[in-house]
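Structure first, commentary second.
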Number of protein chains: 2
Amino acid sequence: MFIKIEIDSDVPIYTQLANELIEGIANESLQPGDSLPSVRSLAGDLGINMHTVNKAYRELDNKGIIQIIPKSGAVVSTPTSGEASLLRVETAMRPVIAEAMAIGLSENEIVSMMKELFFKIKEVRP
Amino acid sequence: MFIKIEIDSDVPIYTQLANELIEGIANESLQPGDSLPSVRSLAGDLGINMHTVNKAYRELDNKGIIQIIPKSGAVVSTPTSGEASLLRVETAMRPVIAEAMAIGLSENEIVSMMKELFFKIKEVRP
DNA sequence: TTATTGTTCTATAGTTAGTATAACAGTGTT
DNA sequence: AACACTGTTATACTAACTATAGAACAATAA
């Protein structure tokens, strides 16, 4: 697995895990239809608790990014970008843009930073 | 004051307050050199605790967005966009971009959303 | 059948968020 | 000089969140 967890970070483990999985989907290391490892096996690999992995999975399920099939497993969903998803991303993006503006970045500088991150996330292919 | 707090939100009060102040600076309702209300008076206006306001102020101070003058008050800083600030914004922006990609948004769609938010934040002038 | 799956429940320890009260020392004004 | 106001610090308490742990259940897949 490509997942790294920083145990002594200020960001919760389940959030780190969810973010790493999201990046994996964003750079197509994980593709629609792919099965995720079971909560028990992934927890074992990462040296963390089963329930922590489960919480990360449920978060991604709530966001519609993966689908948890009861008593079976978790599968990467086909991207939809529905109304709820768009609103969620906008809500998350807003304070980041505001902070960028507050430290004096111009619109073009913010766009540049965004594009740079876009390719940094996309180009993790081996 | 232009600040609204949702008391029963899942995002902490001090984070909401910090974000609102950042937006105020971003749209120039608050300009460099402007004094912020005292922690006690703002807490009274918002119906929240003094320490909660203080925590928001200290967070903005740590980010270099305002400057707390000991035993005196808080003042909006002149934007610098130093190395640390840029890194902080990038770190905050990364998971948001990744999630946008994961729900199937293209680079242009993300840029459009970003620009839309940029002007939505900027154009709160009366 | 058997092992594995997500799900649910209880329990515990540590941290964070928020409020509350009090006191201190420097600032600004009168 | 006197006085109100400032941020700062300390303690205390409740509630919620994070993370771990163990156990048990019912459905799935081999």
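Basis for what follows: all heavy atoms, side chains included, without hydrogens, waters or symmetry-related copies. Everything numeric in this text was worked out from a predicted model, so none of it was measured. Below, chain A is the first sequence line, B the second, and so on; all start at residue 1.
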Rounded to whole angstrom units, what separation is found between the [atom1] atom of [X] and the [atom2] atom of [N]?
| X | N | atom1 | atom2 | result |
| --- | --- | --- | --- | --- |
| Gln16(A) | dT18(D) | CD | C1' | 12 Å |
| Asp10(A) | dC17(D) | CG | P | 18 Å |
| Gln67(A) | dG6(C) | CD | C1' | 14 Å |
| Asn54(B) | dT9(D) | CG | P | 9 Å |
| Arg58(B) | dT6(D) | CZ | P | 17 Å |
| Asp8(A) | dA19(D) | CG | P | 12 Å |
| Leu36(A) | dT5(C) | CG | C1' | 13 Å |

| field | Side-chain donor-acceptor contact under 3.5 Å, Asn54(A) with Arg58(A) | value | yes
| query | What distance separates Ile110(B) CD1 from Ile97(B) CD1, expressed to the nearest 0.5 Å? | reply | 5.5 Å
| query | Between CG of Leu21(A) and CD1 of Ile66(A), what distance do you get to the nearest 0.5 Å? | reply | 7.5 Å
Could you pull out every donor-acceptor pair under 3.5 Å between side chains of residues 67-80 of chain A and any protein atom, sequence neighbours left out?
residue, atom, partner, partner atom, Å
Ser77(A), OG, Gln67(A), N, 3.4

| request: Respond yes when some side-chain nitrogen or oxygen of Ser38(A) is under 4.0 Å from OP1 or OP2 of dT5(C), and no when none is. | output: yes
Donor-acceptor list for residues 98-108 of chain A side chains, cut-off 3.5 Å, not counting sequence neighbours:
residue, atom, partner, partner atom, Å
Glu99(A), OE1, Lys63(B), NZ, 3.2
Glu99(A), OE2, Arg88(B), NH1, 2.1
Ser106(A), OG, Glu109(A), N, 3.2
Ser106(A), OG, Glu109(A), OE1, 3.3

| note | Protein-proximity profile, nucleotides 16-25 of chain C, B/S/- by nucleotide at the 4.0 Å heavy-atom cutoff, equals -SSBBBBB--
| said: Keeping Asp61(A) on the side-chain end and Tyr57(A) on the backbone end, is there a donor-acceptor pair under 3.5 Å? | reply: no
